[in-house]
Asker: 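Sharing a structure with you now.
Here is how names work: the chains are called A, B, and so on, in the same order as the sequence lines, proteins then strands, and each is numbered from 1.
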Amino acid sequence: MQYLVSVIDDKSNPGSTDRQPAISAFNERLIAEGYWVFAGGLADTDAATVIDNRGEQAVFSDGPFLESKEYLAGVWVWEAPDLDVALKLAAEASKVCDRKIEVRPFQ
Amino acid sequence: MSDVEEAITRAHHEEWARVVAALTRRFGDLDIAEEAAAEAFATAVERWPADGVPPNPGAWLTTTANRKAIDRIRRENKRDDKHKEAQMVYDGVPPEPLGAIDDDRLRLIFTCCHPALAMETRVALTLRMVGGLTVPEIARAFLVRETALERRITRAKAKIKAARIPYRVPSAEDLPTRVSGVLAVLYLVFNEGYLATGPDTDPLRPDLTAEAIRLTRLIRALLPDDGEVAGLLALMLLTEARRTARVSAGGELVTLVEQDRGAWDAALIAEGHRLVRERLAAAAAGVAPGRYQILAAINAVHTSARDTRDTDWSQVLALYDQLVRVDPSPIIALNRAIAVAELDGPQVALAAVDRLQDKLAGYHAYHATRADLLRRLGQSQQSRAAYDKAIELAGNTAETAYLTRRRDQLR
């Protein structure tokens, strides 16, 4: 079962910026234990562009699809046997990243 | 009630959770298990009056439910491989925690009370899947619309499937937190029965308190060595024992101090006291008691006093001090202040209560406690204002009636 694991940051109360070494170590463990599928940190939401080509021509708009205090700062994809395993890892991930984590299953 | 009806009711109480749990394990799907169990009981209602009650009702119900489930799977034309894919995660490994009985019902309870589900969802799912209450019954109990409740249960079953919430007893390491999650669900059900909210509701809902006690007894049978399970059961029994004395014939709340202690249920009190003594022995052996055990012990002190004047308030206060260390919530601090009033007088207690204002200004019991302390201090005007606020916030009809009388008696 694969889960999308989103790291959520808060613009008004951001997590600490010195977490990279801890995250790297955590990633090593995810790989060693067979949970790791993919991981990546995201650039600021200001760098996002939304494209809507449902009409006659593509419309580009500057910025994220949703302006909000909380935003997606990075993602993982994990392979885990069930939600209990994923939640346990996510609890660790939240500590490691010093940010909130959302766990959502793939279909 | 005829003998057959009685047999069906008994089978429903004793076998519902077992049938749902066994089918969930076999078919890996709560939805199929619930529907097939409901159909099997409907068939029993139809057939037993004519055919007679089968010698082993549980086995009959399980067999019938199994057949109904297979019928449904065939009807939906699910291919075998596709069906396997949809199965819930189940491991045949018996639960590791010491003293846990390997019983599918335990798996069912932990799945229904999973922390990834919202509290209201856990309550609804537990009452439906484990308690066997119908959707209309649960909707009535919690004053929500049937359609809304049905949606909530459907969404929960879909999430359990989509997110793979496992059908498993948690590992020994996770067990204490997960058990406390289950107990929170049962305590919520009990409290809603004990102090029902809503202007059109009966102030007491014995159906809900009875159901909460029944389910807690079940968990106690499955986890006999868990101290908090024993503690919660004792707390419920000692509270339930006072039920009939708690509301007057006129529908008014009767406080602990004013209750007719002769009307308390002696059998429930004896059972509650036995459990508390069992936990005290464990505590003496070095097992630190959790909040339910301490709350049960406080209730044991109250129910040991034949007369209010015999209440050992210093013991009550010592237990509250212990409780504050386990659970430093403002509500516990408020209840502690009531014991302080008995020992050190209303003035000292009022100072302690006033310190809780920021956290409890929206809680009716905070204002009711202040009102009572101010009344005892002869500060009628302030007491009246506090009663007004408490009446405005109270949700229970018997409590509102009591507070109104106390306010109107002020001079």
Side-chain angles (χ1 to χ4, degrees), chain A residues 1-10 12-13 15 22 25-27 29-40 66 68-107, chain B residues 24-25 28-30 81-97 100 104 106-119 121-122 125 154-182:
Chain A
M1 181 85 190
Q2 293 196 333
Y3 296 90
L4 176 69
V5 179
S6 309
V7 181
I8 302 151
D9 206 351
D10 186 333
S12 58
N13 182 23
F26 183 62
N27 274 329
R29 227 193 78 208
L30 290 174
I31 293 166
E33 291 175 9
Y35 300 120
W36 197 89
V37 177
F38 175 82
L66 187 69
S68 61
K69 213 159 65 66
E70 291 187 314
Y71 68 99
L72 188 62
V75 295
W76 269 289
V77 177
W78 292 342
E79 176 71 47
D82 60 58
L83 188 67
D84 279 359
V85 176
L87 290 182
K88 200 162 214 175
L89 290 169
E92 283 183 61
S94 173
K95 270 264 176 332
V96 167
C97 300
D98 187 31
R99 281 160 181 84
K100 286 207 282 191
I101 302 284
E102 180 194 279
V103 176
R104 191 166 160 192
F106 280 90
Q107 260 184 348
Chain B
T24 306
R25 149 125 80 137
D29 189 308
L30 279 176
D81 52 345
K82 197 179 164 195
H83 168 231
K84 272 210 181 84
E85 198 185 47
Q87 281 208 358
M88 287 169 75
V89 188
Y90 163 77
D91 53 6
V93 186
E96 17 168 341
D104 282 329
L106 205 48
R107 293 184 176 85
L108 184 64
I109 289 162
F110 280 111
T111 300
C112 292
C113 294
H114 197 275
L117 301 170
M119 194 60 178
T121 303
R122 289 185 226 169
L125 209 55
T154 305
R155 264 204 312 267
K157 287 188 290 198
K159 178 170 181 178
I160 289 169
K161 214 185 233 182
R164 276 218 203 180
I165 290 181
Y167 194 52
R168 179 198 295 144
V169 176
S171 65
E173 175 199 2
D174 296 335
L175 198 70
T177 350
R178 293 290 305 278
V179 169
S180 97
V182 171

Asker: Could you give the distance from CG (A:Asp84) to CD1 (B:Ile165), rounded to the nearest 0.5 Å?
Answerer: 8.0 Å
Asker: Can a salt bridge be assigned to the pair A:Asp82 and B:Arg168 using a cut-off of 4.0 Å between side-chain N and carboxylate O?
Answerer: yes
Asker: Could you tell me whether a side-chain N or O of B:Arg164 sits under 3.5 Å from a main-chain N or O of A:Met1, the two making a donor and an acceptor?
Answerer: no
Asker: Specify the closest pair of heavy atoms between A:Pro105 and B:Ala163, including all atoms of both residues, with the distance to one decimal.
Answerer: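 Where A:Pro105 meets B:Ala163 most closely, the heavy atoms are CG-CA, 3.5 Å.
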